[in-house]
Amino acid sequence: MFFLTENYSVVKSTVQLLGMLVVFLLILVAAYYTTRIVGKNQSGFNGNRNLKVLETCRVSPNIVIQIIKAGDKYLLIGVSKERVTFLTELSEKELNHTESQPDMPAEFHSVLEKIISKKDKNG
């Protein structure tokens, strides 16, 4: 009799453990799909077709200058913590269009070679 209750206790504990694992996996799957849905919805807000930041240059720790394409106009603005200031409108002729992809980081090897060559030139 004692043997049956002991086995029943082990089986009950095992079923509870498996049930908890299933619930945990369901929560993980739900969290994964929820973040994917929220991420897709959030990227829709940033997918502007008429407004694009072309270039950013940091002037100080809290101030940057940006070239923005708004529709068919190019604007130069200054951005700080407190405000955004319109500096000037640029013509397309004034812009230096390069075919490089700004989102792609430079390769480590090429950056290292530039640093070494600058160090060698400076002595």
Side-chain angles (χ1 to χ4, degrees):
M1 189 79 157
F2 178 71
F3 183 69
L4 286 176
T5 51
E6 188 176 309
N7 280 342
Y8 177 72
S9 172
V10 171
V11 170
K12 184 177 178 182
S13 297
T14 305
V15 168
Q16 283 181 341
L17 178 65
L18 290 176
M20 295 289 258
L21 284 174
V22 167
V23 168
F24 179 71
L25 290 175
L26 287 174
I27 291 172
L28 283 179
V29 169
Y32 173 77
Y33 284 110
T34 301
T35 54
R36 288 193 53 134
I37 290 169
V38 169
K40 285 181 183 178
N41 290 339
Q42 291 295 327
S43 67
F45 293 121
N46 295 332
N48 296 348
R49 295 185 186 141
N50 295 314
L51 190 62
K52 183 184 273 187
V53 177
L54 300 178
E55 195 169 329
T56 301
C57 178
R58 183 165 299 282
V59 178
S60 74
N62 298 327
I63 300 172
V64 296
I65 295 175
Q66 294 182 328
I67 299 175
I68 295 180
K69 182 177 182 185
D72 59 348
K73 295 183 180 184
Y74 295 94
L75 308 173
L76 185 66
I77 62 170
V79 181
S80 68
K81 281 185 176 181
E82 295 84 25
R83 69 184 77 153
V84 176
T85 306
F86 172 77
L87 300 175
T88 187
E89 186 172 338
L90 302 170
S91 68
E92 194 165 352
K93 294 177 189 175
E94 294 175 307
L95 296 176
N96 181 10
H97 291 288
T98 59
E99 296 300 320
S100 67
Q101 298 176 351
D103 294 336
M104 297 296 293
E107 290 186 31
F108 177 77
H109 187 267
S110 64
V111 173
L112 183 63
E113 284 182 2
K114 285 181 185 179
I115 292 172
I116 290 173
S117 66
K118 284 183 183 179
K119 206 173 200 179
D120 289 342
K121 288 180 185 178
N122 292 337

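Because only heavy atoms are used, hydrogens play no part in the values below, and waters and symmetry mates are left out as well, while side chains stay in. Note that this is a predicted model, so its numbers are computed, not measured.
Closest non-hydrogen pair, Lys114 versus Ser117, comes out as O-OG, 2.9 Å. Shortest non-hydrogen contact noted between Leu51 and Ala70 is CD1-CB, 4.0 Å.
Separation of atoms CD (Glu94) and CD1 (Ile67) is listed at 9.5 Å; rounding is to 0.5 Å. Atom CD of Glu89 and atom CG of Leu76 lie 11.0 Å apart (nearest 0.5 Å). In this structure, CG on Leu28 lies 12.5 Å from OH on Tyr33, to the nearest 0.5 angstrom.
In this structure the side chain of Thr56 never reaches within 4.5 angstrom of the side chain of Ile65, judged on heavy atoms. In this structure, Leu90 and Leu75 have side chains that are not in contact, with every pair of non-hydrogen atoms separated by 4.5 Å or more. Gln66 has its side chain out of reach of Glu55: every pair of non-hydrogen atoms, C-beta onward, lies at least 4.5 Å apart. Side-chain contact between Ile63 and Val79: absent, with no pair of heavy atoms (C-beta onward) separated by less than 4.5 Å. Considering only heavy atoms from C-beta on, Tyr74 comes within 4.5 Å of Leu54 through its side chain.
No path of Ile, Leu, Val, Met, Phe, Trp and Tyr side chains, each step under 4.5 Å between heavy atoms, connects Phe24 with Ile27, placing them in separate hydrophobic clusters. A single hydrophobic cluster is seen to contain both Val53 and Val84, as judged by linkage of ILVMFWY side chains at heavy-atom distances under 4.5 Å, directly or through other members.
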Can you list the steps and then say if Thr85 with Ile77 is a side-chain contact (heavy atoms from CB on, under 4.5 Å)? CA-CA 6 Å; Thr85 306; Ile77 62 170; over 6 Å; no
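Partner Val22 forms a side-chain contact (heavy atoms from CB on, under 4.5 Å) with one of Leu18, Leu25, Leu26 and no other, that one being Leu26.
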